Amino acid sequence: MALEAAGIEIAWGHDPAHVNLPAGQPPERLAVTKALTAVNPDHPELAAARSLGIPVEPWQQVVADAAATSRQRLVAVAGTHGKSTTTGWLVDVLVRANRDPSAFVGALLDATLTGGTPSTARWGRGDVFVVEADEYAGNFDPYRPSVIVLLNAEWDHPDVFADADAVYDALATWIRAAGKATLIANVADPGVRQVLERLSGWSGSVVTVGLDVPDADVYGQVEFDQEISPASTLVVNGRFGAGVYGIQLPGKHNAANGLMVLAAANVLGVLGEEPGDGPAIGGFRGVGRRLELKGEVRGVTVLDDYAHHPTAIAKTIQAVRERYPGRRLWAVYEPLTFHRTAAMLEGFADVLATADQVAIADIWAGRDPDTTITSAAALADAVTGRGG
């Protein structure tokens, strides 16, 4: 893994001695994931930190501090869906433009982007630090970006957000805290429009972007042709000029992500490879576990995708149908957390039933303290009940 390749020793287990060091030199800070603090607040390492007066903080604070001390311009990519792909895509564009960005992404970046082992992080000496900003339980709160890319907004994380309005409110509160930032907003998304309504009087500026939204500052249309590569063609007009861009990633949702990357790159002053060209968005081939081609065996194409929300799964299935027309599609789904599966079971069943065959794996509990509220069998029965 990347940390070991960098010469950092990893302890593959938990022990209070990691905090209460025998030499009497305890760490100054302890960065943790909320998946731990939510499920086991009395974890021995957390207890050891409290007993020594060591501050316990979310790991996102460490990333925010790294960006602040590097004096790089912080760019945050937010939204319910597409954050990892869009963040990685913007990093790819900046690398191609020789801007040498730093980045932290929620999926593996290719070694060509990290400069070594595939990793979720990149350390550069340029003027930009790109970070994936996750809304779960305020994970994005430490970030004070100068540029915010808002892809979409929808109800998710039912353990912390009561409804969609709670998601919109959290996003708007975070954006306001950024002060005079630039918000690049996908106004084709209804949830983003809800967030914008909550930003009345905000001191920042907004660049509107949208597929099939002619009055947006950056307006795009997408054309598909399964007989040729790339996966789609993006025709762009608006504030930053006109252009036609080939995109390697399948699906209209990725064309929308590409349009957002294009707008962000222009805001950051990225120049094309040749005079007069727009930013080079056409060469990006994706990040790990986002419609990632794992291989083909005896005529079976295997794709790995992290989609774990009904809307995301629907977009994935649509993209696969477009990329592989006429093929039989198996959806092999591992539900992510019991609380999400229970809250959205009907939506999951509706979308999974659109596949030709469905296999449901055991539910991955993650931070769930209660694993009795639903089951993989309940979801499978709901799919079967819809004729899937």
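Not measured: the values here are computed from a predicted model.
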### Query
What pairs of residues pass the side-chain hydrogen bond (donor to acceptor under 3.5 Å, both in side chains) test when at least one of them lies in residues 115-126, not counting sequence neighbours?
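Non-adjacent pairs meeting side-chain hydrogen bond (donor to acceptor under 3.5 Å, both in side chains): Asp100-Arg122.
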### Task
If a pair satisfies side-chain hydrogen bond (donor to acceptor under 3.5 Å, both in side chains) and one of its residues is in residues 284-295, list it, with sequence neighbours excluded.
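Residue pairs passing side-chain hydrogen bond (donor to acceptor under 3.5 Å, both in side chains), neighbours aside: Ser84-Arg290, Arg289-Asp304.
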Can you list everything that forms a salt bridge (Lys or Arg N to Asp or Glu O under 4.0 Å) with [X]? Sequence neighbours excluded, please.
X: Asp368; answer: none
X: Glu154; answer: none
X: Asp381; answer: none
X: Asp42; answer: Arg50

More than 12 non-hydrogen atoms from neighbouring residues, nucleotides or ligands closer than 6.0 Å to [atom1] on [X], yes or no?
X: Lys252; atom1: NZ; result: no
X: Gln357; atom1: CD; result: yes
X: Asp362; atom1: CG; result: no
X: Gln25; atom1: CD; result: no

Mind checking ring pair (Phe, Tyr, Trp, His ring centres under 6.0 Å) for [X] and listing every partner two or more places apart, or none if nothing turns up?
X: Phe140; answer: Trp174
X: Tyr219; answer: none
X: Phe104; answer: Trp59
X: Phe284; answer: Trp89

### Message
I need the minimum non-hydrogen distance between Leu293 and Tyr324, along with the two atoms involved.
### Response
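Closest approach of Leu293 to Tyr324, heavy atoms only: CD1-OH, 4.3 Å.
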### Message
The criterion is side-chain contact (heavy atoms from CB on, under 4.5 Å); which residues satisfy it with Thr86, sequence neighbours excluded?
### Response
Val77, Leu151, Asn257, Val261
### Query
Got a sec, which pairs hit ring pair (Phe, Tyr, Trp, His ring centres under 6.0 Å) with one end in residues 286-322, sequence neighbours left out?
His81-His309, Tyr306-His308
